[in-house]
**Student:** 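One structure, as structure tokens, below. Some questions next.
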Amino acid sequence: MDFLLTVCMAAIASALFRILVPENKFTKQISLLIACVFLLTAATAISGAEFGSLTEAPEISASSDYIGFSGEVNKSLQKKICSDMSDKLYAILHKNEIYPEQIHIGVNISGLYSISITQVKLVLSENSRDKADKALALLRAELSEDIEIKTEFKEVR
């Protein structure tokens, strides 16, 4: 029964798409695409493979555990990236006898696979003002051009 239902729904959907296709130069390509989708649906129904029901959509609400989990993953990933990058930059600067008070790393996570470092800010003491240019040159050589590098000086107390 599921087989017949799947094939009938695919046939109805294909017919509707053919009616909605405008008469233009892409008519043949769109018709071929619709035929391929229909054949794929029929082959899936014949083989008995299930990709889920049309009526059973996964329910994700604003208070879902998934959203909370992905937020925690983003935060821990951001901390890991910042920590690793600052450790690397401290090592480079220490090797050249430059000792910053702090290094701040700005990270942008705009999607699951889109993570980028946008800014590096060195916090140096007023006594290290003469080493700021050397530190900037070292970081510019190490980091990509699209990362903004800033320096900030902290008063010595």
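Numbers here simply count residues along the sequence, with the first being 1.
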**Student:** Heavy atoms only: give me the nearest H94-Y99 pair and the separation to one decimal.
**Tutor:**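 Taking H94 first and Y99 second, the nearest heavy atoms are CD2-CD2, 3.2 Å.
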**Student:** Closest heavy-atom contact between A132 and F153?
**Tutor:** CB-CZ, 3.6 Å
**Student:** Quick one: CG on L139 to CG on L89, what's the gap to the nearest 0.5 Å?
**Tutor:**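 Answer rounded to 0.5 Å: 5.5 Å.
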**Student:** Locate the shortest heavy-atom distance separating L124 from E101; write the atom from each residue and the value.
**Tutor:** C-CG, 4.2 Å
**Student:** If you compare all heavy atoms of K131 against all heavy atoms of I98, which two are closest, and at what distance to 0.1 Å?
**Tutor:** O-CD1, 4.0 Å
**Student:** Group every Ile, Leu, Val, Met, Phe, Trp and Tyr by side-chain heavy-atom contacts under 4.5 Å, then state whether L138 and I105 land in the same group.
**Tutor:**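 Same hydrophobic cluster.
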**Student:** Roughly how far, to the nearest 0.5 Å, is the NZ atom of K154 from the CG atom of N127?
**Tutor:** 13.0 Å
**Student:** Answer yes or no: is there a side-chain heavy-atom contact under 4.5 Å between H104 and V123?
**Tutor:**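 Yes, side chains in contact.
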**Student:** Give, for atom CE of M85 and atom CD1 of I117, the distance between the pair rounded to the nearest 0.5 Å.
**Tutor:** 3.5 Å
**Student:** Taking the side chain as every heavy atom from C-beta outward, state whether K134 and N96 have any pair of such atoms under 4.5 Å apart.
**Tutor:** yes
**Student:** State, with a plain yes or no, whether a side-chain heavy atom of E142 is found less than 4.5 Å away from one of K88.
**Tutor:**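 They are in contact (side-chain heavy atoms under 4.5 Å apart), so the answer is yes.
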**Student:** Verify whether one side chain among S144 and D146 offers a donor that lies under 3.5 Å from an acceptor in the other.
**Tutor:**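 Yes, because at least one side-chain N or O of S144 sits under 3.5 Å from a partner of the opposite role on D146.
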**Student:** With rounding to the nearest 0.5 angstrom, report the NZ to CD1 distance, K121 to I103.
**Tutor:** 12.5 Å
**Student:** Would you call P100 and L93 a side-chain contact if the rule is heavy atoms closer than 4.5 Å?
**Tutor:** yes
